[in-house]
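Chain A is the first sequence line, chain B the second, and so forth, proteins listed ahead of strands; every chain is numbered from 1.
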Amino acid sequence: MSEKWLRLIVVATMILLVELLCRVGVIPRMVMLAPSQMVVELAEILRTGQFSADIRTTFTNIAISTALSIVLGFVAGLIIYSLPALRHALEPLLASYYAVPTFVFYPIFITLFGVGSASIIAIAVLLAVVSMITATLNGLDRIPRVLRKTAQIYRMSRAKTALLVELPATLPYLFTGVKLSVAYSFIGVIASEFILSGAGIGYAIAYAYNLFENGHMYALILLVLVTVTIVNTILNMIDRRLQARRQR
Amino acid sequence: MPRLAGTLIVLLTFILLWQGFHLLVGSSAIASPLQTVVKLGSLLGTGEFWLNISETMRAFVAAFLLSLLGGISLGIVLGVRKLAGNVAEPILTTLYSIPKVVLYPLVLLCFGLGISAKIAFGVMHGLIPITLFSMNAIRQMKPVYRRTSQVMRLSPSQSAFTVILPAILPEIISGVRLGFSLTLLGVLIGEMFASQRGLGFLLTSAINLGQIDTIMAIALLLTVFAVSCNSLMMLFNRQLTHR
């Protein structure tokens, strides 16, 4: 509990420090707005609804790419797990997958799908799906043998074993994959919008930067930071509960 | 060895799929593997391309060294000081999952257009994973190592270099592997958004000109570079753990 408070104090002190530096003028207004002003600007754009369309586009894309990467990653993980030969061949490639700077392929998707949601979702899925595959494989590897034996003793059917024994046993590991998929979908979608797109929060931030509209820019940046922090905190809470169940 | 053969088969399948895709959608959308390699060869023959490579490499090496030094020392401090580590860890994991692109305008406003903004952006990507992995390496080190070095009355520097460092090195290398690729990603994204030089800039200008073979040649070059550095580090790590 005291650690929680300490953390809160550390974060609050940092924000206050930035606020102070901005108010005194050490950080010029051209570079950064004071945090309190960012909040005011954010409330303003949420009230006027100026960026509602962009915000909706971005969050829809993130939701779609998260869902796609979780489902695809889970299914691909199951298939790879059931074919050991394929797994042996793929494993070195999976291990170095995240070394590939995925965004480099964004231009190729643009020529395939055009500038729009489809290529943005494609790049986010490409970024997120492998962490789900790895998490699925990891979870299936770690089902204790005693659980499968118990299922056999109870003469459970294959489907029942999968649903009642194997799925709950892998759940904590699968959730790690879900958590990473969400984070990578956020990164993939917003970064693609930022680099080259005509809609979305990332695009709106880049556009505001080019026009020196610091008010809008920092409001949107704050929106992204707050959303990611909230989503991350909730996922971590669920994760901790699942991990605790595993150790029971 | 059969493992290697399997991987080779997968790679071959991938190249065949690439070729098939190329035949399906035409060379204006996707260049064939052969075209890409030929284009890369001709690009590598020009001096201008090498200027861009060296520009990217300069930013990348500087950012990577900074992330490496900063990440490992920060990680060691946070690993040794339990309270500081516990307080910092959730903050660091949240920072890690933030799409850092949204902060790029801030970096540009602080550092101006140029190589220092790219370096700062690369460090923002690479520093946190290296810190987190180093911190966990220290925390999960078996206590018996530290006690043994105490029993043998090793001096602090002796125990640091002969006991602690070898014990945590494999974990740290995993962090460095991740930090390496994220730093590269950060530098490239920085160049793609606002830069007049470097491979990322070449990519964006190729997009605007619709030169698909150039795009794919650069993507191939970067992939090969990143994957081979990564494999080297993995190989090094395997040798360490099998000793």
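Sparse packing is recorded around CZ of Arg197(B), with 12 or fewer heavy atoms of other residues, nucleotides or ligands lying under 6.0 Å away.
For the pair Ser181(B)/Tyr97(A), no side-chain contact is recorded, criterion being any heavy-atom separation below 4.5 Å from C-beta on. Within the 4.5 Å cutoff, no side-chain heavy atoms of Thr102(A) are placed close to those of Leu185(B).
Atom CG of Leu86(A) is separated from atom CD1 of Ile9(B) by 10.5 Å, given to the nearest 0.5 angstrom. Rounding to the nearest 0.5 Å places CD of Glu3(A) at 6.0 Å from CG of Leu83(B). Atoms CD1 and OG1, on Ile98(B) and Thr229(A) in that order, are 5.0 Å from each other to the nearest 0.5 Å. Atoms CG and OH, on Asn232(A) and Tyr96(B) in that order, are 11.5 Å from each other to the nearest 0.5 Å. In this structure, Ile91(B) CD1 and Met14(A) CE are separated by 6.0 Å, a value rounded to the nearest 0.5 Å. Note that the NZ atom of Lys100(B) and the CD1 atom of Ile190(A) stand 11.5 Å from one another [nearest 0.5 Å].
Looking at Arg7(A), its side chain never comes within 3.5 Å of a backbone N or O of Glu89(B) through a donor-acceptor pair.
Contact detail for Ile221(A) and Val102(B): the closest heavy-atom pair is CD1-O, 3.1 Å. The shortest heavy-atom contact between Phe194(A) and Pro105(B) is CZ-CD, 3.8 Å. Heavy-atom minimum distance, Val228(A) versus Ser97(B): CG1-O, 3.7 Å. Between Ala191(A) and Val101(B), the shortest heavy-atom distance links the atoms CB-CG2, 3.3 Å.
With a threshold of 4.5 angstrom between heavy atoms, Phe111(B) does not approach chain A through any atom at all. Of the two parts of Leu203(B), only the side chain, counted from C-beta on, holds a non-hydrogen atom closer than 4.5 Å to a non-hydrogen atom of chain A. Of the atoms belonging to Phe225(B), not a single heavy atom falls under 4.5 Å from chain A. Interface remark: Ala85(A) contributes no atoms to any contact with chain B (heavy atom separation under 4.5 Å). Contact of Val11(A) with chain B is made through the side chain alone, with heavy-atom distances under 4.5 Å. For Met233(B), no part sits under 4.5 Å from any heavy atom of chain A, backbone or side chain. Residue contact with chain A, scored on non-hydrogen atoms closer than 4.5 Å, involves the backbone and the side chain of Leu106(B) alike.
Of the residues considered (Leu95(B), Val224(B), Leu108(B), Leu222(B)), Leu108(B) shows the highest number of contacts with chain A, using heavy-atom pairs under 4.5 Å.
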Start with the C-alpha distance between Met217(A) and Leu109(B), add both sets of side-chain angles, then the distance that settles side-chain contact (heavy atoms from CB on, under 4.5 Å), and finish with yes or no.
CA-CA 12 Å; Met217(A) 184 177 87; Leu109(B) 290 172; 4.0 Å; yes
